[in-house]
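Order of the sequence lines sets the chain letters (A, B, ...), proteins ahead of strands, with each chain counted from 1.
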2 protein chains.
Amino acid sequence: DIVGAIEDALKGETRLRLPGAAKGPLSGRHVVVTSGPTHEAIDPVRYIANRSSGKQGHAIAAAAVAAGARVTLISGPVTLPDPAGCDVVRVESARDMFAAVARVLPADIFIGAAAVADWRVEAAADKIKKRQGAAAPTFSLVENPDILATVSRASNRPRLVVGFAAETRDVIAHAKEKLLRKDCDLIIANDVSEAAGVFGGDANEAHLVSRSGVESWPRMSKEAVAAQLIARLADILDRSEAAE
Amino acid sequence: DIVGAIEDALKGETRLRLPGAAKGPLSGRHVVVTSGPTHEAIDPVRYIANRSSGKQGHAIAAAAVAAGARVTLISGPVTLPDPAGCDVVRVESARDMFAAVARVLPADIFIGAAAVADWRVEAAADKIKKRQGAAAPTFSLVENPDILATVSRASNRPRLVVGFAAETRDVIAHAKEKLLRKDCDLIIANDVSEAAGVFGGDANEAHLVSRSGVESWPRMSKEAVAAQLIARLADILDRSEAAE
């Protein structure tokens, strides 16, 4: 099972390699990665965004391609070029991203690296006008669909579902809680407080949180985090299948 | 006076050229241009933004440089390169932009092409967490400082103050009302409804709204709008000084 395979992989036991993996550790696998922010329209000109640059998600997609996988990258609005060798689906809102993920499943691995907006506002059809002397408007938020939890509980659930937790405090505690709440297999947790400089920056200090425990990686480039994560996931997938 | 000079300029009467203008119609002038969106933080990772690309404001700054002016460009977060020959001040929020404008005045011409957020939220110090089963949060908005009105009423008011009105309906009516409310000299009005494709696009269909009336320009590139606007402003400035 996946839990046992994750435990074994984290213990660093000998890695089993399946015959199909000859052309790369993820050869023959379909990997779906989400990346970047989502934009939630307030009206035709305003929107709610977040500081995700998409660098980590795009690096993961590129690393999965390098490992031989067929990769579908579902990206929110970013200024990054499309990584070579992926199918790229560009979306704007959390609901767009949710629909795109549903469309491209099934997959062997789902990696939700996008910073999906938890909430949207009910968008106005016309630009909201400032009225002289009137009180400022109040936005009531509506919860967006939960992509990670939905994928984790889908009838065609990918064998390995990986989420991200971007936190400004109590990083690991929040990640553990998120893992259980979303029913996913792994959470990559990182500190996105301004001091850490992760959002928009080129480096990441990641913690790999599973049901078995936490593995904290040293600060390294987002490309290095991506390569290490993809190697781990390929290993876990191979172990879980070998154990069947 | 400025009103008379605008009237004359729009009537297309013979243009007077001052001796100092030999090196370019805005030689010896200081022009301050704001451009791009502002980002208003909700918490350390989320913010409210708008769809302004900064293309029109940056093109105006470049056109003012080409006309011989000393140009200060105050830009919100954009992905455009800095135009050559400008002093560029990069800002994030409306309050940052307001402070930067105050710092770089006095000027002969102020052109407020930025899409400044009317409102901000009182930003949270920590990332707002989604709580299981809890109602979605409500954001109460706070009005931002009004840069255009403040510049128009400043003791060191630039001789020519130009605003923009991005509207999705009743474009000219809203622009006229804005001109009076903000005490500025000209409003460049444009239709930013999705159908018009102005926000983020490369073309603009501008209406030059003054106390004397409205001049509607045909759809043209943002660079052409910038060049035509700068030529007009140089003309108005020369006329208003010649009339003194």
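Here B:A63 pairs with B:A226, B:I230 under the side chain to side chain contact (heavy atoms under 4.5 Å, CB included) rule; sequence neighbours left out.
Counting heavy-atom pairs closer than 4.5 Å to chain A, the top-ranked of the candidates B:A49, B:P44, B:A166 is B:A49. The candidate from A:I48, A:I42, A:V121 with the greatest count of non-hydrogen atom pairs under 4.5 Å with chain B is A:I48.
The structure places CG of B:L141 at 8.5 Å from CD1 of A:I128, a figure rounded to the nearest 0.5 Å.
B:A117 does not touch chain A: none of its heavy atoms, backbone or side chain, sits under 4.5 Å away.
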Dump the table of donor-acceptor contacts under 3.5 Å between chain B and chain A, or return none if there are none.
| from | atom 1 | to | atom 2 | distance (Å) |
| --- | --- | --- | --- | --- |
| B:P44 | O | A:R51 | NE | 3.4 |
| B:V45 | O | A:R51 | N | 2.9 |
| B:R46 | NH2 | A:D118 | OD2 | 2.9 |
| B:Y47 | N | A:A49 | O | 3.0 |
| B:Y47 | O | A:A49 | N | 2.7 |
| B:A49 | N | A:Y47 | O | 2.7 |
| B:A49 | O | A:Y47 | N | 2.9 |
| B:R51 | N | A:V45 | O | 2.9 |
| B:R51 | NE | A:P44 | O | 3.3 |
| B:R51 | NH1 | A:E92 | OE2 | 2.9 |
| B:R51 | NH2 | A:E92 | OE2 | 3.1 |
| B:E92 | OE2 | A:R51 | NH1 | 2.9 |
| B:E92 | OE2 | A:R51 | NH2 | 3.1 |
| B:D118 | OD2 | A:R46 | NH2 | 2.9 |
| B:D126 | OD1 | A:R169 | NE | 3.3 |
| B:D126 | OD2 | A:R169 | NE | 3.0 |
| B:D126 | OD2 | A:R169 | NH2 | 2.8 |
| B:K127 | N | A:T168 | OG1 | 3.2 |
| B:K127 | NZ | A:A166 | O | 2.8 |
| B:K129 | NZ | A:E167 | OE1 | 2.8 |
| B:K129 | NZ | A:E167 | OE2 | 2.9 |
| B:K130 | NZ | A:E143 | OE2 | 3.4 |
| B:F139 | N | A:F139 | O | 3.2 |
| B:F139 | O | A:F139 | N | 3.2 |
| B:E143 | OE2 | A:K130 | NZ | 3.4 |
| B:A166 | O | A:K127 | NZ | 2.8 |
| B:E167 | OE1 | A:K129 | NZ | 2.7 |
| B:E167 | OE2 | A:K129 | NZ | 2.9 |
| B:T168 | OG1 | A:K127 | N | 3.1 |
| B:R169 | NE | A:D126 | OD1 | 3.3 |
| B:R169 | NE | A:D126 | OD2 | 3.0 |
| B:R169 | NH2 | A:D126 | OD2 | 2.8 |

